Amino acid sequence: MSTVNPKPLVLESVNELKQWRNSFTHADLGFVPTMGALHQGHEALMSQAAQAHKSSLLSIFVNPAQFGPQEDLAQYPRTFEADLELARRCGITAVFAPQPQDFYPAGFSTQVEETQLSKPLCGAFRPGHFKGVTTVVLKLFNLVRPHTAYFGLKDAQQFLVIRKMVQDLQLHVRLQGVATVRDPDGLALSSRNRYLSPQQRALAPLLQQHLKCVAHDVVERKTSWLHSLEKAREDLATQGFQVQYLDLLQVPDLSPWPLEGLPPSAPGLLAVAAYLGTTRLIDNVWLGDCKPWTQCS
Ligand code: AMP
């Protein structure tokens, strides 16, 4: 006999979340922070959290603090009823979906900033973005007090920045990174993929293909990695992408990859951000053994 998961409890305000959290008699809570418009990538995080813990909380909050003035805050997709149904199917216990004015009441004036790992890659193109991320995540951790929080490795830099914040501030939370979920043609799932035209959607998997080629060159040392990165940037531009960055950095501190080259097993992050039309896509490949960096207590 198949069991049907109950609908998750919906917590619409910070006060409702506090009351729910204070009613807990156990500490085994898994937490999945998101901005909604959920897809199978989010589903992987929710399923892991629901299966690994007695209780699981999903947050859906399009966080204004992590969007720049020219970015797509107003257009960001909002699909609450469908999100709730996916959360139910995954076995999530409760969904926290606050309003911005409740989460950031008038006069809110505190921000948390990681100052090193948040500088390169997306940090160089989205000023203030990671400060918005660390601020919202720290506030959520404080309210939710999860045992484990689940984050996707598609947002590799975000994961490493949050991991650093957890270490530096000695927060009592375990982090679990979850592998990127992709469409069969290799495109990393993203809430923003729905904005791609059919032609752009057909081009989008090239991002992952170029990353794989560069990764192969780096590991096999077929050509200089600098040359390989430059060629991939040029090819993507020719194919219609506006590339913001395509870079190789060391993990976990996101320092530059050494010019003389590391042994092939040295951990690295090869990451790209590029626009197709007005849609910004990111993707990455981890080089070497990324396991130690995708968990932390
Ligand atoms: P977002 O709603 O975009 O803020 O994402 C919420 C969480 O889902 C983040 O931890 C993301 O890294 C993760 N996520 C988004 N897309 C994917 C994907 N394709 N595979 C795995 N995790 C993902």
Side-chain angles (χ1 to χ4, degrees), residues 30-50 56-68 71-73 75-80 82-84 86-87 90 92 95-98 100 103 117-118 121-122 126 129-130 132-141 144 146 148-163 165-166 173-196 201 204-205 207-208 211 269 271-273 279-286 290 293-296:
F31 178 42
V32 181
T34 77
M35 299 203 297
L38 303 182
H39 50 65
Q40 287 158 290
H42 301 110
E43 189 178 345
L45 275 64
M46 291 191 289
S47 298
Q48 278 202 29
S56 50
L57 178 76
L58 167 75
S59 68
I60 297 178
F61 181 55
V62 184
N63 175 34
Q66 69 189 68
F67 287 78
E71 294 183 349
D72 60 345
L73 173 63
Q75 289 83 39
Y76 199 84
R78 287 153 170 93
T79 58
F80 188 69
D83 292 352
L84 217 52
L86 188 57
C90 293
I92 290 287
V95 176
F96 175 50
F103 197 80
L117 280 64
S118 56
L121 306 177
C122 287
R126 304 185 70 188
H129 168 71
F130 285 115
V133 169
T134 42
T135 301
V136 77
V137 169
L138 181 60
K139 179 157 174 165
L140 284 167
F141 282 175
V144 174
T148 302
Y150 293 79
F151 291 91
L153 298 176
K154 178 190 162 240
D155 297 276
Q157 185 178 17
Q158 169 175 282
F159 183 83
L160 291 171
V161 167
I162 292 169
R163 181 178 178 278
M165 173 181 77
V166 166
V173 60
R174 185 176 166 275
L175 298 184
Q176 178 67 57
V178 178
T180 302
V181 178
R182 300 176 180 280
D183 272 335
D185 61 8
L187 176 64
L189 297 187
S190 162
S191 306
R192 293 185 170 102
N193 289 354
R194 69 192 72 201
Y195 297 132
L196 297 170
R201 177 62 191 78
L207 278 184
Q208 174 67 5
L211 289 181
L269 177 68
V272 66
T279 305
R280 187 175 186 273
L281 302 173
I282 59 170
D283 202 354
N284 64 69
V285 169
W286 295 70
C290 70
W293 314 114
T294 60
Q295 292 178 336
C296 93

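Below, each value reflects all heavy atoms present in this structure, side chains not excepted, and no hydrogens, waters or symmetry copies. Since the model is a prediction, treat every value here as computed from it, not as a measurement. Both counts, for ligands and for their atoms, begin at 1 and track the order of listing.
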key: Within reach of ligand 1, part of Q40 (heavy-atom separation under 4.0 Å)   = neither
request  = Flag S191 as yes when one of its N or O atoms lies below 3.5 Å from any N or O atom of ligand 1, and as no otherwise.
outcome  = no
ask   = Between the side chain of T148 and the main-chain N/O of G30, is any donor-acceptor distance below 3.5 Å?
value = no
ask   = How about N193 and L281: do any of their side-chain heavy atoms sit closer than 4.5 Å?
value = yes
For atom 11 (C) of ligand 1, closest protein heavy-atom neighbour = D155 OD2, 3.1 Å
inquiry  = Can you confirm whether or not the ring centre of Y76 sits under 6.0 Å from the ring centre of F67?
reply    = yes
query = Side chain or backbone of M35 under 4.0 Å from ligand 1, or both, or neither, by non-hydrogen atoms?
reply = both
request  = Could you check which of G152, A188, A149 puts a non-hydrogen atom nearest to atom 9 (C) of ligand 1?
outcome  = G152
message = When you compare ligand 1 with K154, is there at least one nitrogen or oxygen pair between them that comes in under 3.5 angstrom?
response = no
request  = For atom 3 (O) of ligand 1, find the nearest protein heavy atom and state the residue, atom name and distance (0.1 Å precision).
outcome  = Y76 OH, 3.9 Å
ask   = Which option out of H42, E43, R182, R192 puts a heavy atom nearest to atom 5 (O) of ligand 1?
value = H42
inquiry  = Quick check: P33 and ligand 1, any N/O pair under 3.5 Å apart?
reply    = no
Ligand 1-proximal atoms of A179, by part, heavy-atom distance under 4.0 Å = backbone
ask   = Backbone, side chain, both or neither: what part of V32 comes under 4.0 angstrom of ligand 1, heavy atoms only?
value = neither
request  = Step through it carefully: locate the ring centre of Y150, locate the ring centre of F31, and say whether they are under 6.0 Å apart.
outcome  = no
